[in-house]
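Written out below as structure tokens is the structure these notes cover.
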Amino acid sequence: MIMSQLTPQEVEHQLQLISRGVEEIITLDELKEKLSKKGRLKVKLGIDPTAKDIHLGFAVVLRKFKLFQELGHHTTLILGDFTAMVGDPSGKNKTRPMLTKEDVQRNVQNYLPQLGKIIDLSKTEVVYNSQWLDSMKLSDFIKLASKYTLAQMLEREDFKKRFEAHQPISLHELIYPLLQAYDSVVLEADVELGGIDQKFNILVARYIQKEYGQEPEVGVLTPILEGLDGVQKMSKSLGNYVGISEPPEVMYRKLMRVPDHLIIRYMILCTDMPMDEINQYKKALEEGTINPRDAKMKMAFNVVRMYWGEEEASKAQEEFIRVFSKGELPVNLKTVEVGLDEVSRSEGGLDLVELLYRAGIASSKREAKRMVSSSLKVNGEEVKERFLEIPPNRELIINYGKGKYLKVKLV
RNA sequence: GGGCGGGUGGCCGAGUGGUCAAAGGCGUGGGACUGUAAAUCCCAAGCGCGAAAGCGCUACGGUGGUUCGAAUCCACCCCCGCCCA
């Protein structure tokens, strides 16, 4: 397909959209030139199918990928099934465990439907890098390896640190950036997207492309999103993440826990709110003319809307206000049935400890005891006693922590 | 191959024969205050039985041993790090 050239205005427009929330573009001038010259660019995003769930942190780069799709560029998603087996050492201070083919397959199966929530899979060329890396001849690999030096590799911060600290660096880890770079050669990529932690790998790719007589790709590097704790990067293992497949109310609630100083950052990186509007919020927050909570609600609403739509987002917001601001019961109160004879004592009273345990609220009876002695509300009444009268309607609404309610039916 | 140091609860880390279900910190859960923010303060924290006092079981890399009694001593093994080759 031959694309008509873009006008300077169109180029500027695209640059502006692409730059939103981006940490670094290597280099902006090259991107500008490529856009003006080619119009339609080959955009590469390589993903390591090592995790199962996509969260807002990873969504940042995916959304950038989607933007390129919307702008009409050719987008290729590389599922790094081969390189995943090697394990990207980026940002790690120790060797990653290698994945098996089965692990990778399983993860990919998990991934695609989730990816489809953000990017347009029909416009995405999906390739596995094992397609060319598996069959690469050793002589070709040696040729590739000859293009880069140990000193160049050791420029990388994490390698350098490990090297200087006398920590092991396996040879295969040194190879990883080369293979990723080779992907760019095979695709003849114009642009590669990645998190800022991919900076080194992308720089290697640029260098290697030149060695293979290609014009180097432009690196569009997105920031690493901080998680709900506001400090560490969002990741599942740290438990500070918001998954894109989580139910709307859960997403909304989690987003309301984001520290205030990240409200604007989340707006920029995780919503499609217009920059003008975001800047207004920014100004208002700096001047103290808005309650940060309200800005945060706006942010949370927009994130949820992105994944679940307007209606669900509104519901999530209403639910939040109802349950947390007003302290009312949630609309969809979860109900659990528990056998009456299992939780009643011979004298006819109700054993709360047993009930909490049976209802699954407490994972052990000791935990249930702790809950009873700290703070627990049953049907709105604070309870300190372990034993209760059986309510006539045989229903109990248990409040075991802020916003945590469970209805228990005795049967 | 040689020398040295180390493996304790979600993490870090103290503890070197009983008073240790194990200090302290971080993190976590609950509460107060709030905006489920931040800061601050309070409470909790292996599991089972018991209304409770309490009793019992499991736990300090693994296995065995010494001892009335072990996270602590001994033996062997496994794992990790550092230094030398």
Side-chain angles (χ1 to χ4, degrees), chain A residues 93-95 97 161-170 226-233 235-242 246 249-267 281 284-286 288-301 303-304 316-330 342-358 360-378 380-389 398-406:
Chain A
N93 43 25
K94 58 181 184 181
T95 312
K161 271 192 196 152
R162 283 161 64 185
F163 189 72
E164 285 171 356
H166 303 283
Q167 280 170 349
I169 303 170
S170 298
E226 293 82 359
L228 299 179
D229 60 311
V231 182
Q232 295 192 268
K233 76 169 193 174
S235 82
K236 192 164 190 193
S237 57
L238 292 171
N240 62 358
Y241 72 101
V242 181
E246 294 191 273
E249 322 82 62
V250 175
M251 277 181 102
Y252 194 96
R253 192 188 321 154
K254 283 187 169 184
L255 287 163
M256 286 305 286
R257 308 182 66 155
V258 167
D260 288 0
H261 66 92
L262 288 178
I263 295 171
I264 297 299
R265 192 163 163 84
Y266 270 61
M267 281 180 174
Y281 276 103
L285 284 170
E286 280 163 1
T289 52
I290 187 177
N291 185 335
R293 180 202 53 194
D294 297 330
K296 202 183 289 181
M297 288 176 83
K298 183 79 183 174
M299 179 277 285
F301 177 83
V303 176
V304 175
Q317 184 160 48
E318 282 160 24
E319 181 80 352
F320 178 84
I321 293 169
R322 180 183 311 111
V323 177
F324 294 102
S325 301
K326 298 187 181 162
E328 291 170 12
L329 290 178
E342 286 173 328
V343 295
S344 50
R345 309 181 72 208
S346 43
E347 301 91 273
L350 194 62
D351 186 348
L352 252 186
V353 168
E354 197 68 33
L355 183 101
L356 292 172
Y357 179 65
R358 299 268 177 185
I361 294 172
S363 60
S364 72
K365 291 191 184 173
R366 284 194 175 252
E367 190 185 347
K369 275 182 216 174
R370 272 176 238 136
M371 292 176 96
V372 172
S373 60
S374 60
S375 165
L376 198 68
K377 282 185 191 162
V378 174
E381 302 270 326
E382 191 128 353
V383 174
K384 288 281 179 205
E385 278 297 306
R386 175 171 175 174
F387 301 103
L388 293 181
E389 307 253 313
I398 300 174
N399 175 209
Y400 55 106
K402 244 179 194 177
K404 293 182 187 166
Y405 294 93
L406 187 73

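Each chain gets a letter, A, B and so on, in the order the sequences are listed, and its residues count up from 1. Because only heavy atoms are used, hydrogens play no part in the values below, and waters and symmetry mates are left out as well, while side chains stay in.
Listed by chain and number, the residues in a side-chain contact (heavy atoms from CB on, under 4.5 Å) with Tyr281(A) are Ile264(A), Met267(A), Met273(A), Glu277(A), Ile290(A), Ala295(A), Lys298(A) (sequence neighbours excluded). Checked against salt bridge (charged side-chain N to carboxylate O under 4.0 Å, His left out), Arg322(A) has the following partners two or more places apart in sequence or in another chain: Glu319(A). Among residues two or more places apart in sequence or in another chain, the side-chain contact (heavy atoms from CB on, under 4.5 Å) test is passed with Arg370(A) by Arg366(A), Glu367(A). Residues satisfying the side-chain contact (heavy atoms from CB on, under 4.5 Å) criterion with Ser375(A), sequence neighbours excluded, are Glu382(A).
When both pairing distances are held under 3.5 Å, C47(B) makes a Watson-Crick or G-U pair with G56(B). Across the strands present, C68(B) finds its partner in G18(B); the criterion is a Watson-Crick or G-U wobble pair with both atom distances under 3.5 angstrom. G10(B) and C26(B) make up a base pair, with Watson-Crick or G-U wobble contacts both under 3.5 Å.
The shortest distance between the side-chain N/O atoms of Ser325(A) and the OP1/OP2 oxygens of G35(B) is not below 4.0 Å. The phosphate of U36(B) (OP1 or OP2) has no side-chain N or O of Arg322(A) nearer than 4.0 angstrom. Using a 4.0 Å cut-off, no side-chain N or O of Lys365(A) falls inside it from OP1 or OP2 of C47(B).
Side-chain atoms of Asn240(A) come within 3.5 Å of backbone N or O of Ser235(A) as a donor-acceptor pair. Checking side-chain atoms of Asp294(A) against main-chain N and O of Lys296(A) turns up no donor-acceptor pair under 3.5 Å.
Between the NZ atom of Lys326(A) and the P atom of U36(B) there is a distance of 13 Å, given to the nearest Å. Straight-line distance from the CD1 atom of Ile321(A) to the P atom of U36(B): 10 Å, rounded to whole Å.
The side chain of Pro259(A) lies closest to A37(B) when the candidates are G35(B), A37(B), U36(B).
Here the separation of C60(B) from G17(B), taken at their C1' atoms, is 15 Å to the nearest Å. Using P as the reference atom, C79(B) and C26(B) are 36 Å apart when rounded to the nearest Å. On the P atoms, C42(B) is 25 Å away from C47(B), given to the nearest whole Å. Comparing the P positions of C33(B) and A70(B) gives an interatomic distance of 49 Å, to the nearest angstrom.
A heavy-atom distance below 4.5 Å is not found between the side chains of Lys404(A) and Ile361(A). Counting heavy atoms from C-beta on, the side chains of Tyr405(A) and Ile398(A) never come closer than 4.5 Å.
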Anything under 3.5 Å between a protein N or O and an N or O of nucleotides 26-33 of chain B, put it in a table, one pair a line.
unit_1, atom_1, unit_2, atom_2, d
G29(B), O3', Lys404(A), NZ, 3.4
G30(B), OP1, Lys404(A), NZ, 2.8
G31(B), OP1, Lys402(A), N, 3.4

I'd like a table of atom pairs between the protein and nucleotides 51-55 of chain B - only N or O on both sides, under 3.5 Å - with the distance next to each one.
unit_1, atom_1, unit_2, atom_2, d
A51(B), OP1, Arg345(A), NH2, 3.2

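Along RNA chain B, the nucleotide nearest to Tyr252(A) and the one nearest to Ser363(A) differ in position, and the one closer to the 5' end is contacted by Tyr252(A).
With salt bridges taken as basic N to acidic carboxylate O contacts below 4.0 Å, none links Glu249(A) and Arg253(A).
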